[in-house]
Amino acid sequence: MDFDLSPKTQDLCRRLSDFMDAHIVPRIRQHHDELKAGIFPVSFMEDLKALAKSEGLWNLFLPHLAEGETGTRLTNLEYAPLAEIMGRVLWASEVFNCSAPDTGNMEVFHMFGTDAQKKQWLKPLLEGRIRSAFAMTEPDVSSSDATNIQTLIQRDGGDYVINGRKWFISNAAHPNCKVMILMGKTDPDNTDRHRQQSMIIVPMDTPGVTVERNITIMSHHAPEGHCEITFRDVRVPGENIISGEGDGFMIAQARLGPGRIHHCMRSIGQSELALDLMVERALERKAFGKYLHQHGAVSESIARSRMEIDQARLLVLKTAQMIDKVGAKGARKEISMIKAVIPIMQTTIADRAMQVFGAMGISPDTPLADIWTWGRALRLADGPDEVHLRAIARLEIKEAQDKPGFTLPYLTAPPRNEE
Ligand SMILES: Cc1cc2nc3c(=O)[nH]c(=O)nc-3n(C[C@H](O)[C@H](O)[C@H](O)COP(=O)(O)OP(=O)(O)OC[C@H]3O[C@@H](n4cnc5c(N)ncnc54)[C@H](O)[C@@H]3O)c2cc1C
C-alpha cells in the first residue's frame with residue numbers, strides 16, 4: 001500500500017489549508033453567532049463558495065467529471081487528506097461544494113441520471129446553486145434494513161404517485177434545497193426483495209410534499225434540518241425515475257460507498273481537532289501542583305487518542321484506495337469497517353477531550369460537544385454500527401468457508417481417528 005501524496009494532492013492540501021486558515025477559521029465565531037441569532041444560511045456562505053470556486057477548490061470529491069463540469073478529478077485516496085482538512089470545521093465542506101447529502105446525490109445523478117436529469121439537477125448541484133436531500137428512512141419500519149421501507153411509488157398513466165412518510169431527512173429544511181432523491185417501492189410484491197425498490201426525483205415544491213418538522217439531534221438544532229416529511233399523492237412525471245424501476249437497492253449500494261468514506265475522512269479531521277484541544281488544555285492548566293499532561297490519566301488519554309487516530313486514518317486510506325481500485329462493491333468489507341470504527345473513535349476522543357477541559361468541555365464555548373454529537377449521530381446515519389459489524393462478520397465467515405480446514409496445519413493436537 002502506497003499512501004504517498006501525489007504532487008497534485010500536496011498542492012491542493014496546501015492551498016486548502018491556507019484557505020481554511022484565511023477564510024474559514026476566522027469566521028467560526030461569526031458562524032456560531034449568526035446561527036444563534038437565527039440567520040441561516042449564514043451571511044457569508046455564498047461569498048466563500050464563490051471564492052473557493054475561483055481558487056479551484058471546488059467539487060473536490062468527484063473522481064469523474066464530464067466535459068464542462070468544474071472540479072479536480074481526484075481519486076478517493078487523493079481526496080482523503082482534503083476531506084480531513086475540511087472536517088476540522090463542521091460546516092466547512094459546504095464552502096467547497098463537498099457536503100452530504102449533495103455529494104452522494106451528485107454521484108447518483110452522475111452515475112445513473114439521464115441527460116435531461118443531469119441538465120436539470122446535476123448541473124445546478126455541481127455549480128452549487130441548489131442543494132438537495134436523500135429520503136430513505138421511515139419512522140414506521142426498521143430502516144437499517146432497506147427492504148422494509150413502505151413508501152409507495154405507483155404508476156398512474158405517464159406519472160408516478162408517491163405516498164408515505166420519511167424522517168431524519170438531512171438538508172430538507174435548507175432554503176436552497178430544491179430536490180430530493182426518494183427511495184420507495186414500485187413493486188412491493190416482487191419475490192426478489194431487492195428489486196421492489198426504486199429511486200425517484202421529487203422536486204421539493206411538488207404539491208403533497210410537507211416538511212412536518214425539523215428533528216433536533218441530542219438537543220442540537222441543525223437549521224438545514226433532519227426533517228420528517230409526509231408525501232400525500234405526490235405526482236411526478238415518469239421520466240423522474242432514476243435508472244429504472246427496481247434499481248433502487250442497487251443505486252443505494254453505489255451511493256453509500258463513497259458517502260460513508262467521506263464522512264469518515266471528515267471524522268478524522270474532527271478527531272484531530274479534539275486531540276489538539278485536549279493537548280493544548282493539558283499544557284496550560286494545572287491541578288494539584290502539576291500541569292494536566294503530567295498526570296498519568298491525562299497523558300494516557302493523549303497517547304491513546306493519537307494511536308487510535310493514526311490507526312483509523314490508515315484504515316480509511318486503505319479503504320479509499322480499494323474503492324479506487326475495485327469499486328465500492330469490492331471494498332464493501334472495508335467500507336463497513338471504517339463506518340464501525342471511526343464514529344465511535346470520534347466520540348471516544350471528543351469525550352476524553354471534554355473530560356480534560358472540565359465543565360467548559362461540555363459547554364458551547366468549545367466545538368467538543370458538537371464533535372461528540374456528530375460522531376454519535378454517525379453511529380446511526382448511513383447504517384448503525386451493528387449492521388456494519390454483521391456485514392464484516394458475514395464476509396469474514398464466507399472467506400473462511402471458501403477455504404475449509406486451512407488452519408489445520410497450525411494445530412499440534414494429535415489427529416483423531418476417523419470412525
Ligand atoms: C443525523 C442523522 C442524519 C440522517 N440523515 C438521513 C438522511 O438524510 N436520509 C435518510 O434517509 N436517513 C437519514 N438518517 C437515518 C439513518 O440512516 C437511520 O437512522 C439508520 O439507517 C437506522 O435506521 P432506523 O433509525 O430505522 O433504526 P432501526 O433500523 O430501527 O435500528 C434500530 C437499532 O436496531 C439495531 N439493529 C438493527 N439492525 C441490526 C442487526 N442486523 N443486528 C443487530 N442490531 C441491529 C441497532 O442497534 C439499531 O441502531 C439520518 C440519521 C441521523 C441520526
Side-chain angles (χ1 to χ4, degrees), residues 90-91 93-94 99-108 131-151 153 162 164-174 177 179-185 193 197-202 204 209 211-231 242 248-249 251-253 255-260 262-264 266-267 270 335-336 339-340 343-344 346-347 369-395 397:
L90 283 163
W91 49 267
S93 56
E94 184 182 353
S99 53
D102 297 327
T103 48
N105 289 342
M106 286 188 259
E107 303 247 17
V108 167
R131 301 215 54 199
S132 62
F134 178 72
M136 183 163 79
T137 305
E138 299 181 3
D140 297 333
V141 290
S142 162
S143 301
S144 43
D145 176 357
T147 61
N148 282 341
I149 58 165
Q150 291 178 331
T151 294
I153 307 172
I162 303 161
R165 183 183 287 267
K166 301 282 184 185
W167 73 349
F168 289 92
I169 308 309
S170 301
N171 229 17
H174 196 294
C177 181
V179 67
M180 195 172 3
I181 295 180
L182 173 136
M183 177 130 141
K185 285 195 175 170
R193 292 171 69 235
Q197 304 81 5
S198 301
M199 286 213 193
I200 196 156
I201 300 166
V202 183
M204 289 298 289
V209 175
V211 176
E212 304 284 353
R213 60 173 175 145
N214 180 0
I215 307 168
T216 53
I217 303 291
M218 311 290 295
S219 299
H220 175 84
H221 170 74
E224 74 279 12
H226 303 291
C227 299
E228 182 162 355
I229 307 178
T230 48
F231 300 83
I242 301 179
F249 211 85
I251 301 171
Q253 296 301 104
R255 183 188 186 282
L256 284 174
R260 284 173 179 149
H262 297 167
H263 278 315
C264 290
R266 285 191 291 266
S267 282
Q270 284 155 37
I335 292 170
S336 277
K339 186 61 183 48
I344 200 164
Q346 178 176 345
T347 54
D370 283 347
I371 292 174
W372 186 90
T373 302
W374 185 237
R376 188 64 189 84
L378 269 187
R379 292 189 56 202
L380 294 161
D382 282 358
D385 294 356
E386 293 86 347
V387 172
H388 291 291
L389 293 173
R390 174 177 178 258
I392 298 161
R394 281 184 158 190
L395 288 164
I397 285 161

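Ligands are counted one by one from 1 in listed order, and the atoms in each one are counted from 1 as well. Basis for what follows: all heavy atoms, side chains included, without hydrogens, waters or symmetry-related copies. No experiment lies behind these values; they were computed from the predicted model shown.
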query = Any protein heavy atom sitting closer than 4.0 Å to atom 45 (C) of ligand 1?
reply = yes
key: Which segment of S142 sits under 4.0 Å of ligand 1 when only heavy atoms are counted   = both
message = So if I apply the side chain to side chain contact (heavy atoms under 4.5 Å, CB included) rule between K339 and each of L389, V387, I392, D382, which one comes out positive?
response = D382
Nearest neighbour in protein (non-hydrogen) for atom 3 (C) of ligand 1 = S170 OG, 3.4 Å
inquiry  = Would you say that V209 contacts F231 through its side chain, given a criterion of any heavy-atom pair below 4.5 Å between the two side chains?
reply    = yes
request  = Give, for atom OG of S170 and atom CD1 of I217, the distance between the pair rounded to the nearest 0.5 Å.
outcome  = 7.5 Å
ask   = With respect to I242, which candidate in I200, L182, I201 satisfies the side chain to side chain contact (heavy atoms under 4.5 Å, CB included) definition?
value = I201
request  = For atom 7 (C) of ligand 1, grab the closest protein heavy atom and report residue, atom and distance to one decimal in Å.
outcome  = F168 O, 3.0 Å
note = Closest to atom 38 (N) of ligand 1 among protein heavy atoms sits V387 CG2, 3.5 Å
key: atom 10 (C) of ligand 1 protein-contacted, heavy-atom criterion under 4.0 angstrom   = yes
key: Ionic contact status for R131 with E224, cut-off 4.0 Å   = no
message = With respect to E138, determine whether any N or O atom, backbone or side chain, lies less than 3.5 Å from an N or O atom of ligand 1.
response = no
request  = Give the residue and atom name of whichever protein heavy atom lies nearest to atom 24 (P) of ligand 1, and the separation in Å to one decimal.
outcome  = S143 N, 4.0 Å
message = Closer than 4.0 angstrom, basic N to acidic O: yes or no for R255 and E107?
response = no
note = re atom 52 (C) of ligand 1, the protein heavy-atom contact at minimum distance is A381 CB, 3.8 Å
ask   = What distance do M218 atom CE and D370 atom CG have between them, rounded to the nearest 0.5 Å?
value = 11.5 Å
ask   = Hey, is atom 34 (O) of ligand 1 touched by any protein heavy atom at less than 4.0 Å?
value = no
note = In ligand 1, the atoms that come under 4.0 Å of a heavy atom of V141 are 26 (O)
task = For residues I181 and M136, determine if any side-chain heavy atom of one lies less than 4.5 Å from a side-chain heavy atom of the other.
result = no
message = Just verifying a value: how many Å separate R266 CZ and L378 CG, rounded to the nearest 0.5 Å?
response = 8.5 Å
task = Report the C-alpha separation of W374 and H263 in whole Å, then their side-chain angles, then the decisive distance to 0.1 Å, and conclude whether the side-chain contact (heavy atoms from CB on, under 4.5 Å) test is met.
result = CA-CA 10 Å; W374 185 237; H263 278 315; 3.9 Å; yes
message = So, taking the atom named CZ in F249 and the one named CE in M199, what distance separates them when rounded to the nearest 0.5 Å?
response = 9.5 Å
query = Are any of the N/O atoms in E386 less than 3.5 Å from those in ligand 1?
reply = yes
ask   = Looking only at distance, does A135 have an N or O less than 3.5 Å from an N or O of ligand 1?
value = no
task = Within a distance under 4.0 Å of any heavy atom of M136, pick out the atoms of ligand 1 and give their elements.
result = 10 (C), 11 (O)
remark   = Ranked by distance from atom 32 (C) of ligand 1, the top protein heavy atom is S144 OG, 5.0 Å
message = I'd like to check R193 versus D145 (side-chain heavy atoms, cut-off strictly below 4.5 Å). Are they in contact?
response = yes
ask   = How far does CG of N105 sit from OG of S132, to the nearest 0.5 angstrom?
value = 4.0 Å
key: Option set L182, L380, L389, D140, criterion heavy-atom distance to atom 21 (O) of ligand 1, minimum   = L380
ask   = Where does D145 meet ligand 1, judged by heavy-atom distances below 4.0 Å: at the side chain, the backbone, both, or neither?
value = neither
query = In ligand 1, which numbered atoms sit nearer than 4.0 Å to a non-hydrogen atom of D382?
reply = 17 (O)
inquiry  = Closer than 4.0 Å to some heavy atom of A377 - which atoms of ligand 1 meet that?
reply    = 1 (C), 53 (C)
ask   = Less than 3.5 Å between some nitrogen or oxygen of F134 and one of ligand 1, yes or no?
value = yes
query = Does any N/O atom on W167 come nearer than 3.5 Å to any N/O atom on ligand 1?
reply = no
note = Atoms of ligand 1 under 4.0 Å from any heavy atom of R390, numbered from 1 in the order shown, are 41 (N)
ask   = If you measure from CG on L380 to CD on E386, what distance do you get to the nearest 0.5 Å?
value = 8.0 Å
key: Part of D385 with heavy atoms under 4.0 Å of ligand 1, whether side chain, backbone, both or neither   = neither
message = I want to confirm something. Looking only at heavy atoms, which of L378, I149, T137, N105 is nearest to atom 25 (O) of ligand 1?
response = T137
